[in-house]
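This report concerns only the one structure given below.
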Protein chains: 2
Amino acid sequence: MAKVTIQEVARAAGVSKGTVSRVLNARDGVNTETRTSVLDVMTQLGYVPDPGARNLARRGKHVIGLSLDGDERRGNTYYGILRDALESRFSSEGYSTRIFSGYDPAMLEAESDGVILLGVHLDDSRPNQLEARGVPFVMVGHSLEHAERAPWVDVDNISGLFEAVRHLTKLGHKSIAHLTGASTGQASRQRLEGYRKGMLEAALPVNNLLVWDGEFTEVGGYRAVRRALAAKLEFSAIAAASDEMAFGAIMALEDEGFRIPWDVSVTGFDDLPSAAAFKPALSTVRQDINTIGTRAAEMLLQNMAGKKVSSALVPVKLIVRASSGAKT
Amino acid sequence: MAKVTIQEVARAAGVSKGTVSRVLNARDGVNTETRTSVLDVMTQLGYVPDPGARNLARRGKHVIGLSLDGDERRGNTYYGILRDALESRFSSEGYSTRIFSGYDPAMLEAESDGVILLGVHLDDSRPNQLEARGVPFVMVGHSLEHAERAPWVDVDNISGLFEAVRHLTKLGHKSIAHLTGASTGQASRQRLEGYRKGMLEAALPVNNLLVWDGEFTEVGGYRAVRRALAAKLEFSAIAAASDEMAFGAIMALEDEGFRIPWDVSVTGFDDLPSAAAFKPALSTVRQDINTIGTRAAEMLLQNMAGKKVSSALVPVKLIVRASSGAKT
DNA sequence: GTGAAAGCGCTAACAT
DNA sequence: ATGTTAGCGCTTTCAC
């Protein structure tokens, strides 16, 4: 595993360091043949560019800022994974990432070359400010308000819950509850909309008493279900807006003697690693957090390079496991 | 904020780059006067060494591995903060950090210069293996089994819970329950021991029915309290082994109509950022996660430099807020 | 289109 | 004890 450098690649390919560097940076002005041959040699030798050296030669700050507004840290399995994905993509490009929690646009501008905006909400001032300052940025998550300000990557929330509800209605369920998160978040609204669309499609009424706030946490889900049970609400299925709320819901149901999925079917959203391991294994809408992170990173990289990029809606996929079953 | 380099420091101090580099790396063979004067110039100019350039010149891999066994990721506010602290300390030293989840000692050895071991448990094989391979490492958390293998940093768990219980007994509480975490973890055991010592000190009996497993999560705390209530257990205070379990406990209590702290006093452990914001503000044992991370990083750095370092027990501090009050 | 050479900020010999 | 000088791996002029 001896370190292979650009020099060796150059020699092996019979060209100069300069040329190798050019193909490495996808700069044009390189003969197509030379390019492919160099590329070949690279993979053959298992060449991996040294980020430190690149930064040094490029002379920049080379840090990208992760701006979290408030406590995205909480409830965080999701953010942990996302952060890993961003980090690994950026670091392989020679950028280090830094978390900026206390939101300070001036600092962001001074200390980073570009920024990833996490958890943008309705009346968020960050997109405007960043745009005004001309700092390249991309948002993870989106809302109509800010959609035009900068490119964003988001998961297809609406389709996700729509699919979950359709799955449930096909199973014969009619009274389907929805566990929603904080009302200020975009994701919650969109998932709620997906729920409504799903009910509509099956010509089922949307009963507001069956839309519960689970605060996007396990306990939140647990308590919401307890309240519903205490209020003697009738339902045979729950489509939750997150896996964690679904976990909480299932615990509450089981604590009260209900069996999943025989008495009540439950679906989640996210497909966290723990969803498959849960008892019963959770039926859920998978969103590939890694893809989202990688996409966002790539978009920002392009953006910083001055290229125009367009936003992306990442598709979701319904994963059916043991927590949902036919209405009995 | 123009970038100041070692060259400029050298000129301003009237010495050569070499000398500046020497003081920068705390290498000896430098006149004390020169050293202090160089140091002065550095702070005056606001000099910050460029990590990339250092790595490049030092020719090493310069990555330190964070080994998490299994899913430390979960329940994670704690690990998020810890990781930030480690990262910032290491990166200012020119090291990048990488997470190694699937534990593979060979990989760890091949790809990192040193490793931080997180969540070491009783029958953990990592300390032995790492030691056998001669990889420098330090552990965050400790157990008697591994205490001699390598330096560790840990919070004073025993004193922490001891203080919490003493606080409660001084308030007049006699029936004090303890919410504990997973029994395999060291921290849980030590906190449980602190609880026992606290009860002992006040000549109070330890009733095993009042030691509840809250799985170190909010829901876990919530459910444990519900079970206790359903079993009609008598208690006027709860000393939890984590803030999150305490949050869950308070929610369960309030959902059943109890008022905190009038009907039941509750204390936590960690002092997460959310503890002060919680309603009611949580009395808890503060452990400074940042200090722990920074200490661990510093120890590893020393260790890698071949210096002998000794383990550290970081003190804790009881923070009294609104969730605990006199027994009525 | 490609090579040669200069340098990015720093460390590590080697001198003195 | 300190200065000098090569590089580290890469990008970027500037020639050709």
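Chain identifiers are assigned alphabetically (A, B, ...) following the order of the sequence lines, protein sequences preceding nucleic acid strands; residue numbering begins at 1 within each chain.
A donor-acceptor pair is defined here as one N or O able to donate and one able to accept, closer than 3.5 Å; no such pair exists between the side chain of B/Asp270 and the backbone of B/Leu272. Remark: side-chain polar atoms of A/Thr19 are not paired, donor with acceptor, to backbone N or O of A/Val15 under 3.5 angstrom. Under a 3.5 Å cut-off, the side chain of B/Ser311 and the backbone N or O of B/Trp152 do form a donor-acceptor pair. Between the side chain of B/Arg126 and the main chain of B/Leu118, a donor-acceptor pair closer than 3.5 Å is present.
Annotation: proximity of residues 23-41 of chain A to DNA chain D (heavy atom, distance under 4.0 Å) is found for A/Leu24, A/Asn25, A/Arg27, numbered in ascending order.
Note on A/Ser21: a base of the nucleic acid sits closer than 4.0 angstrom, heavy atoms only.
Residues A/Val63 and A/Thr97 have side chains not in contact (no heavy-atom distance under 4.5 Å, counting atoms from C-beta outward). For the pair B/Val41 and B/Tyr47, the minimum side-chain heavy-atom distance is 4.5 Å or more. Put simply, the side chain of B/Val140 does not reach to within 4.5 Å of the side chain of B/Leu117, judged on heavy atoms.
Counted by atom type alone, A/Arg54 and A/Asn25 present one or more donor-acceptor pairs between their side chains at under 3.5 Å. No side-chain donor-acceptor contact under 3.5 Å links B/Gln287 and B/Asp271.
Here the range on DNA chain D touched by chain B, meaning any atom under 4.0 Å from one of its heavy atoms, is D/dA1 to D/dG9. Here the range on DNA chain C touched by chain A, meaning any atom under 4.0 Å from one of its heavy atoms, is C/dG1 to C/dG9.
Partners of B/Thr5 according to the side chain to side chain contact (heavy atoms under 4.5 Å, CB included) rule, which considers only residues two or more places apart in sequence or in another chain, are B/Gln7, B/Glu8.
With A/Asp154 as the fixed residue, the side chain to side chain contact (heavy atoms under 4.5 Å, CB included) test singles out one of A/Met139, A/Arg295, A/His142: A/His142.
Residues B/Ala53 and B/Val15 each lie close to DNA chain D; by heavy-atom proximity, the contact nearer the 5' end of the strand is made by B/Val15. Between A/Arg22 and A/Leu56, it is A/Leu56 whose nearest contact on DNA chain D lies nearer the 5' terminus.
At a threshold of 4.0 Å, the pair B/Arg83-A/Glu87 counts as salt-bridged, since one of the basic side-chain nitrogens sits closer than that to a carboxylate oxygen.
Relative to the axis of its first five pairs, the axis of the last five pairs of the helix from C/dG1-D/dC16 to C/dT16-D/dA1 sits at 40°, rounded to 10 degrees.
The salt bridge (Lys or Arg N to Asp or Glu O under 4.0 Å) pairs that include a residue from residues 127-144 of chain A are A/Glu109-A/Arg133, A/Glu131-A/Arg149, where partners are two or more places apart or lie in different chains.
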